[in-house]
Amino acid sequence: MPDIIQLLPDSIANQIAAGEVIQRPASVVKELLENALDADSTFIRLIIKDAGKTSIQVIDDGKGMSETDARMAFERHATSKIKSANDLFCIKTMGFRGEALASVAAIAHVETVTRQAVVDLATRIIIEGSEIITHDKCQGSVGTSITVKNLFYNVPARRKFLKSDPVELKHIMDEFHRVALANPDVYFTFHHNGNETYHLPKANLKQRVVGIFGKNINDKLVPISEETEVAVFSGLIGKPDAAKKTQGDQFIFVNKRYIRSNYLNHAIRAAFEDLITKDVFPAYYIFLEIDPANIDINVHPTKTEIKFEDERLIYNYLRVSVKHSLGQYSVTPMIDFSIDHNFNHRYSGGNATDEKNSLNTYHPEIEAKFRPGQESVRGWEEIYRSLSDNRSVSNTSRNAEVSILESEAYKTEGTGNFHNYASREPYQLHLSYIIHQVKTGMMMIDQQAAHERILYEQYLEILQSGEYSSQKELFPRTVELDPAKSSVLKNILDKVRGLGFEIEDFGHNTFIVHGTPCPLENNANIENIIDHLISQYVNNLEFELGIEDNLARSMSVSSGLKSGKKLDKQEMTALIDMLFACKMPNKSPSGKKCFIIFELDEINKRFNQL
Ligand code: ADP
Ligand code: MG
């Protein structure tokens, strides 16, 4: 048998290795920006075309490379940043693996022009699929410009799996935000398809946050600053009222490196305690400075995870620091609205079995009955009929009504009218749920989920039929968005008009609203709704729902009724009627149950339990 093992040619080895480092255009952006920072640049320009699929260019004014280094930089494991294994424990640069440029050059067309201050001419190197095409001298300013074109041109499978331009652009923006936030003392600009999306001169952290996320956040930030023996904590935290429904502006950096850590996120969240409700996310931009010897950044190839020597200590210090700064800036507590535990406590007997049997538990049989599809619609109609049919009360439910009538609670607050109390009038529980009698027992409706379902179907219908109507604003309203959201809105302005917004682009990230969709309330906060609409829309891009579905969902969330809003009887009845007029009333567009039914049999059983 002949020997069959052979070494892979470098170009193939590089292509395979590239998969680890470069997943999408945003990975190239991250690597190029980090290299520019490591070269001590003070001004960095990022210029991209077609969400990075056509071209990504980073121009810096850093120290540049010598002619030999410029060639070496594209070899695998070629780095100027570490020399020995010991150096791994005191890394101060962003890069250190010497893999990025070799990886990029294996799967794209790369042009580098670089010049050091001590020489007159720049070196130019063009590499395509790890092969040097050109290596010569040219005019060029001090620093480095690297242009990466046609990413994955030789790996069609990967190119095919790239997402749509808006999704890839969002990933690029995320990387850009992280790098720009961690380095406010560096001047950054960002152009996409010829438009300047960000212009961020050297600034302090707060100015940088405002430059990226818009002026609205300016007065909602409190500083954090704490020195402990394990780390120095600094940065900014959003006040509780700046917390948002969508996860987004949460940044933790360790030695200027953006990291992902559910553990540390939890520490910050814990510091907010009951200052915010469970369904919102606080904003924060927090920096930890730790002796590099006490962390290991070598755990993940794309380096967003990190290991700390004493994670628990850091957790505690972080929690206390955030708490301290929230307290110091006397952020007044809001009323906690998390109704869940109260509800559970009231109905469960306290032991594990009772907890399981609690009225709040999931009922697979009921769930199965109302799964989307034709059958569910039939199931619906039955329930809906029974809502108005309050005279045909079954024996079991009559018993239940009698027990309610005889209860203390009823005697004190009851109306004395059997039908009014027992069957017709909905009742709002903890300003979040509506309780209503149905033929087979009791229905509990989640007002927020239900309203989202109603609005989603309404807006989808409006968008699909093209028949929208607007209510004119007496005084046009001005909406100012941050640069990222503003560029998204510009791209989908026509569709947003299709919802019923009469809206114009006024330049400088500002929009004028002359009219609003009819389903909106008169006193709605238009600025918040549009801001929230765009963040929802961007978050949903990942799911590739199609623009109309996405907008309808986003609109239902941004303008929907929230838990915590008091509803009068008429509003509750209208909500129930509208919910059951929906095509799929059982779930909100994001999959949350709109209602739960508690069967009388189940209720009786529980009362009869010893
Ligand atoms: P790493 O950053 O891990 O060292 P890279 O492949 O990203 O590996 O870069 C290889 C080397 O090329 C770097 O160590 C650095 O010396 C040089 N280099 C890359 N980009 C730049 C730049 N923008 N300016 C100066 N030198 C650079
Ligand atoms: Mg690098």
Side-chain angles (χ1 to χ4, degrees), residues 10-11 13-23 25-47 56-85 87-108 110-119 122-127 130 132 135 140-148 151 175-176 178-179 182-183 186-189 255-258 292 297-304:
D10 268 2
S11 58
N14 281 342
Q15 234 184 61
I16 296 169
E20 279 277 289
V21 188
I22 309 296
Q23 281 101 28
S27 335
V28 177
V29 168
K30 171 180 189 282
E31 295 296 339
L32 296 183
L33 290 176
E34 290 189 349
N35 280 346
L37 288 168
D38 284 344
D40 300 328
S41 308
T42 60
F43 180 30
I44 300 176
R45 285 179 282 166
L46 169 62
I47 302 163
I56 300 166
Q57 183 180 19
V58 170
I59 307 170
D60 69 48
D61 64 348
K63 58 188 178 202
M65 286 177 264
S66 71
E67 194 179 343
T68 323
D69 281 353
R71 172 66 201 83
M72 272 295 284
F74 290 91
E75 293 295 329
R76 207 136 52 94
H77 306 306
T79 178
S80 56
K81 301 169 193 174
I82 58 170
K83 292 196 168 59
S84 71
D87 295 347
L88 276 176
F89 303 102
C90 53
I91 286 171
K92 296 220 166 68
T93 51
M94 303 304 293
F96 60 91
R97 294 162 187 267
E99 280 180 318
L101 290 185
S103 299
V104 174
I107 47 167
V110 182
E111 173 170 345
T112 305
V113 176
T114 183
R115 189 189 133 202
Q116 293 181 306
V118 289
V119 295
T123 301
R124 179 170 66 161
I125 295 180
I126 298 178
I127 303 183
S130 301
I132 299 201
H135 181 164
S141 38
V142 174
T144 303
S145 155
I146 298 187
T147 311
V148 177
L151 188 66
E175 292 296 351
F176 178 78
R178 291 166 190 169
V179 169
N183 299 279
V186 176
Y187 190 163
F188 286 94
T189 61
N255 298 349
K256 288 198 171 183
R257 190 185 297 279
Y258 171 81
I297 45 178
N298 214 359
V299 278
H300 193 261
T302 47
K303 295 170 285 185
T304 48

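Values in this document were obtained by computation on a predicted structure and should not be read as measured data. Read the numbers this way: they start at 1 and go in the same order the structure lists the ligands and their atoms. Quick note: numbers below take in every heavy atom, side chains included, and nothing from hydrogens, waters or symmetry partners.
- For the Mg ion (ligand 2), the set of nearby N, O or S atoms under 2.8 Å includes none belonging to M94.
- In this structure, the side chain of R115 does not engage the main chain of S66 through any donor-acceptor pair within 3.5 Å.
- Residue G98 holds the heavy atom nearest to atom 8 (O) of ligand 1 of all those in G64, S41, G98.
- Each of L32, I146, T147 was scored for a side-chain contact (heavy atoms from CB on, under 4.5 Å) with I56, with one residue passing: L32.
- Set against the non-hydrogen atoms of A39, the atoms of ligand 1 under 4.0 Å away are 24 (N), 25 (C).
- Residue-level proximity to ligand 1 for D60 is carried by the side chain, the only part with a heavy atom below 4.0 angstrom.
- Aromatic ring orientation, F176 versus F188: perpendicular (interplanar angle above 60°, classes split at 30° and 60°).
- Partner of V186 under the side-chain contact (heavy atoms from CB on, under 4.5 Å) criterion, out of V179, L33, D40, L37: L37 alone.
- Contact between E31 and ligand 1 is absent, with no heavy atom of the residue lying under 4.0 Å from the ligand.
- Which parts of ligand 1 touch R97 is read off a 4.0 Å heavy-atom cut-off, strictly below it: atoms 3 (O).
- Among the atoms of S80, some N or O lies under 3.5 angstrom from an N or O of ligand 1.
- Side chain of D60 to backbone of T144: a donor-acceptor contact under 3.5 angstrom is found.
- Side-chain contact, T42 with D61: a donor N or O sits under 3.5 Å from an acceptor N or O.
- The A73 neighbourhood of ligand 1 comprises atoms 10 (C), 12 (O), with distances under 4.0 Å to a heavy atom of that residue.
- The parts of A100 lying near ligand 1 are both backbone and side chain, judged by heavy-atom distances below 4.0 Å.
- Within the structure, ligand 1 has M65 among the residues with a heavy atom less than 4.0 angstrom away.
- Among T144, N35, I44, the residue whose heavy atom lies nearest to atom 7 (O) of ligand 1 is N35.
- Of the N or O atoms in K81, one or more lie within a sub-3.5 Å distance of an N or O in ligand 1.
- With contacts defined as side-chain heavy-atom distances shorter than 4.5 Å, the pair V104/F74 does not qualify.
- Side-chain contact, N35 with K30: no donor N or O sits under 3.5 Å from an acceptor N or O.
- Contact check for R124 versus E111: side-chain heavy atoms found under the 4.5 Å cut-off.
- Near G95, meaning under 4.0 Å from one of its heavy atoms, ligand 1 places the atoms 2 (O), 3 (O).
- Residue-level proximity to ligand 1 for A78 is carried by the backbone, the only part with a heavy atom below 4.0 angstrom.
- Where the criterion is an N or O separation shorter than 3.5 Å, residue side chain and backbone included, A102 fails it with respect to ligand 1.
- Side-chain contact check for E67 versus H135: some heavy-atom pair is nearer than 4.5 Å.
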